[in-house]
Amino acid sequence: MLIRRSSDIREFEVTDHGLYLGRRKLLALGAAALAAAVASKAAAAPLTGVIEGPFGTSEPLTSKIAATHYNNFTELGFHKDDPAENADRFPPLRPWTVEIGGECAKPGRIGIEDLIRPHALEERIYRMRCVETWSMVVPWIGVPLGDALRQFEPTSRAKFVEFTSVHAPNILPGQKTDLLPWPYVEALRIDEAMHPLTLLAVGLYGEDLPVQNGAPLRLVVPWKYGFKGAKSIVRIRFTETRPHTTWNDLQPDEYGFYANVNPAVDHVRWSQANERRIGEFRRRPTLPFNGYADQVAGLYAGQDLRRDF
Ligand code: MTE
C-alpha cells in the first residue's frame, strides 16, 4: 500500500504555521494551571522520529489549510472557521495529563508524553468522513490507541472505552453557552478501541496537532463519522456498560452510537450515499466503513447495522 510521507506534501498543501502549537516549546511551559497558561501562536515543531504506519492511502491529500480551517470543535465556536479563528483562546497547556481509570488494573493520571513515548509515532494517511457528507484525506501522526491503553491492563469487565474532552468554560467560548452539554464525550466498544486502525493522534502534516484539530491529543477512527473523534482528551475510562455520548444523547435518531460510515443508512435530514471531498467539486459514492471494510467489517459480524447505526 502506497503511503505518502509528509515530506512529499506539495508546497501548496503547506501553510500558516502560525496557527500551530509547538509541542516541544510548550513542554517548557511547565506546570501551568489551566487558567494561567499562556496563549501562544508558537511556530509548529516538526515531529521527529515518525515512521510510516502500516495503513494509508495514496489518494491526494486535502490541503493543509482546508484541514485546519474547516473544523468542528464546538468548544471554540459553532461555525467551521471558528475553531481556527479562536484557536488562541485555548492556551497550550503543559503538562497535559490524561486520567486513565475505570475497569483496569492500573489506573492513573499520566502525562501525554508518557502515554505516547513508549511507542513509535506513526504517520497514517486516513480518509475522514464527516456526518455532513464532506470528507478529507489527512496525514495523521499518532500511536495506535490500543498500544497506548494496554499498559493500564483493562479487566475482562471493560467492554467500552469512554473519552472525555477538556472542560474549561472560563476560556473556551463555546463552553460559555449551553448549546451542547459539556464536556464533549465519546466512546467506542473495546474491540473498536483496540483495533489497529484506531489512532491516538498528536499531529498532522508532519507537525504537532493544531488547537482546532484537537491539540494536544485526539481520537481518529477512520471508518466512523467524524463526531466519534473526541478532541483535546483529558480522561479515558474503561467501562462495563455503554457510556453516554454527547451527540447520541442529544439526537439519538440522527447520531447513532456506532456511527460507522454507511452509505445505506441515511441521516434523517440527508442522504449519506455520497460525499464531496473538501477542495473538489464532484461528489463521489461513499464507501461502506469509509473504505476500510476489509479491516473492520468483521467487528460487526452478525450485527444489524441499520439498527446499530
Ligand atoms: N471533539 C470535541 N471535543 N468537540 C467537538 O465539537 N467535534 C467532532 C469531532 N470531535 C468535536 C470533537 C466532530 S462533529 C467532528 S466532524 C470532528 O471532531 C472534526 O474534526 P476535524 O476538525 O479535525 O476535522
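Note that ligands are numbered from 1 as they come in the structure, with each ligand's atoms numbered from 1 the same way.
- Salt-bridge formation is not detected for the pair Arg237/Glu99: no Lys NZ or Arg NE/NH1/NH2 atom is positioned less than 4.0 Å from an Asp or Glu carboxylate oxygen.
- Looking only at heavy atoms of the protein, atom 4 (N) of ligand 1 is closest to Glu75 OE1, 2.7 Å.
- At a threshold of 4.5 Å between non-hydrogen side-chain atoms, the residues Phe309 and Asn262 do not count as touching.
- The distance between the ring centers of Tyr292 and Trp223 does not fall below 6.0 angstrom.
- Below 3.5 Å of separation, one finds an N or O of Asn213 facing an N or O of ligand 1.
- Remark: minimum distance from atom 7 (N) of ligand 1 to any protein heavy atom is reached at Asn72 O, 3.2 Å.
- Remark: Arg157 CZ is loosely packed, at most 12 non-hydrogen atoms of other residues, nucleotides or ligands lying under 6.0 Å away.
- At a heavy-atom cutoff of 4.0 Å, ligand 1 is contacted by both the backbone and the side chain of Phe73.
- Neither the backbone nor the side chain of Glu186 comes within contact range of ligand 1; no heavy atom lies under 4.0 Å.
- Ligand 1 has an N or O atom lying under 3.5 Å from an N or O atom of Asn71, backbone or side chain.
- Given atom 23 (O) of ligand 1, the protein heavy atom at minimum distance is Arg218 NH1, 3.0 Å.
- The only option from Val261, Val296, Asn260 that meets the side chain to side chain contact (heavy atoms under 4.5 Å, CB included) definition with Lys224 turns out to be Asn260.
- Residue Met128 does not touch ligand 1, judged by heavy-atom distances below 4.0 Å.
- For ligand 1 and Cys130, the ligand atoms under 4.0 Å from any heavy atom of the residue are 16 (S).
- Remark: Leu76 CG to Thr74 OG1 distance equals 8.5 Å, nearest 0.5 Å.
- For ligand 1, the polar-atom distance check against Tyr70 finds no nitrogen or oxygen pair separated by under 3.5 Å.
- When only interatomic distances are considered, the shortest N/O to N/O separation between Trp247 and ligand 1 does not fall below 3.5 Å.
- Here is the list of ligand 1 atoms found below 4.0 Å of a heavy atom in Thr74: 4 (N), 5 (C), 6 (O).
- The side chain to side chain donor-acceptor pair (under 3.5 Å) check on His119 picks up nothing, with sequence neighbours excluded.
- A cation-pi geometry, defined here as NZ or CZ lying under 6.0 Å from the six-membered ring centre and within 45° of its normal, holds between Lys228 and Phe257.
- At the top of the distance list for atom 17 (C) of ligand 1, counting protein heavy atoms only, stands Gly226 O, 3.4 Å.
- Closest to atom 8 (C) of ligand 1, if we only count protein heavy atoms, is Tyr184 OH, 3.3 Å.
- Using a distance-only test at 3.5 Å, with no hydrogens or angles considered, no donor-acceptor pair links the side chain of Thr133 to the main chain of Ser271.
- Applying the 4.0 Å criterion to heavy atoms of Gly229 picks out, from ligand 1, the atoms 9 (C), 10 (N), 12 (C), 18 (O).
- Looking at Thr246 and Pro181, their side chains come closer than 4.5 Å, going by heavy atoms from C-beta outward.
- Counting atoms of ligand 1 from 1 in the listed order, those under 4.0 Å from a heavy atom of Ser165 are 2 (C), 3 (N).
- Summary of contacts: the protein heavy atom closest to atom 13 (C) of ligand 1 is Phe227 CA, 3.6 Å.
- By the 4.5 Å heavy-atom criterion applied to side chains, Trp270 and Gln272 are counted as neighbours.
- When hydrogens are left out, the protein atom nearest atom 21 (P) of ligand 1 is Lys231 NZ, 3.3 Å; that is the closest non-hydrogen contact.
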